[in-house]
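If you're wondering where the values come from, they're calculated on a predicted model, not measured in any experiment.
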Amino acid sequence: MTPEMRTQPFTRPTIVAANEFLAEAIRTHTQINKIVLRLELENEIPADTALGIEKKCDRLGRIVIERLSDTIETLEGTFSLAEAFVREAVGLAVEDSSSIRQANLLRGLARDGYVVAWGEWRQPPNLRAALPEEIDLPAADDGGSRINEAIRVLRATQAHGSRD
């Protein structure tokens, strides 16, 4: 996990996609209860079976959206609640899945600048910042980009205008 990941928030559509994927991937109350416990939300979402799994997932997603930047401690370090939540969802992803909800989560992650690195056999997938070639963005160049050119033109125009 790199420090710059913590400074780049996940968009609401990605968090919602993570929530929808969790609702599909979770099969038991024990699974959702463990996630709730790891996210330090046991006071907001009961462990009993009075609420169904879908309702618990819905409540979990709503809490995450309301408290995006709350920080929690995980085994990997301190994260925002949103990042810890998305990481929980990514941990349930399966390489080469035909799940539409998983595909939506992966698309949201890519749009936010992240990719899933699939683990070796029996290793969970990891979330990491995407490299420019992985998300179809131009790599940094030696100053010849259109943005740098526009800045040079703007500076030249400003300098020229101040002489008049």
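Here the closest heavy-atom approach between residue A93 and residue Q102 is recorded as CA-OE1, 3.4 Å. Listed here is the closest heavy atom pair of S69 and S80: CA-CB, 4.3 Å. Annotation for V115 and A129: closest pair CG2-O, 4.5 Å, computed over non-hydrogen atoms. Of all the heavy atoms in E24 and R101, the pair that sits closest is OE1-CD, 3.5 Å.
Here the side chain of D112 pairs a donor or acceptor atom with the backbone of T11 at under 3.5 angstrom.
A distance of 7.5 Å separates CG in L81 from CG in L68, rounded to the nearest 0.5 Å. Expressed to the nearest 0.5 Å, how far CD of E88 lies from CD of Q31 amounts to 11.0 Å. In this structure, CD on E20 lies 12.0 Å from CD1 on I100, to the nearest 0.5 angstrom. Going from atom CZ of F85 over to atom CD1 of I65 covers 8.0 Å, rounded to the nearest 0.5 Å. One distance of note links CD1 of I35 with OG1 of T30; it measures 11.5 Å at 0.5 Å rounding.
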Practice problem: Kindly determine whether R38 and T74 satisfy side chain to side chain contact (heavy atoms under 4.5 Å, CB included), including the steps that lead there. | Solution: CA-CA 7 Å; R38 285 192 295 268; T74 72; over 6 Å; no

Exercise. Report the C-alpha separation of F10 and L127 in whole Å, then their side-chain angles, then the decisive distance to 0.1 Å, and conclude whether the side chain to side chain contact (heavy atoms under 4.5 Å, CB included) test is met.
Key: CA-CA 12 Å; F10 294 100; L127 183 63; 3.6 Å; yes

Self-check item: side chain to side chain contact (heavy atoms under 4.5 Å, CB included) assessment of V86 paired with L109
Solution: CA-CA 9 Å; V86 169; L109 290 169; 3.7 Å; yes

Quiz item: Is there a side chain to side chain contact (heavy atoms under 4.5 Å, CB included) between I63 and L39 once you walk through the steps?
Solution: CA-CA 11 Å; I63 291 169; L39 296 176; over 6 Å; no

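Between E83 and R87, at least one side-chain N (NZ, or NE/NH1/NH2) sits under 4.0 Å from a carboxylate O, which counts as a salt bridge. Ion pairing between E40 and R67 fails under the 4.0 Å rule for side-chain N and carboxylate O.
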Let me have the donor-acceptor pairs involving side chains of residues 45-56, under 3.5 Å, with sequence neighbours excluded, atom names and distances please.
from, atom 1, to, atom 2, distance (Å)
D48, OD1, A50, N, 3.2
K56, NZ, H29, ND1, 3.2
K56, NZ, N33, OD1, 2.9
K56, NZ, P46, O, 3.3
K56, NZ, A47, O, 3.3
K56, NZ, D48, O, 2.7

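Remark: the R107 side chain and the N104 side chain contain an N/O donor-acceptor pair separated by less than 3.5 Å.
Both V90 and W118 sit in one connected hydrophobic cluster of ILVMFWY residues. Membership requires side-chain heavy atoms under 4.5 Å apart, directly or through other members.
For the pairing with I32, the side chain to side chain contact (heavy atoms under 4.5 Å, CB included) check across I26, L22, L37 returns one residue only, I26.
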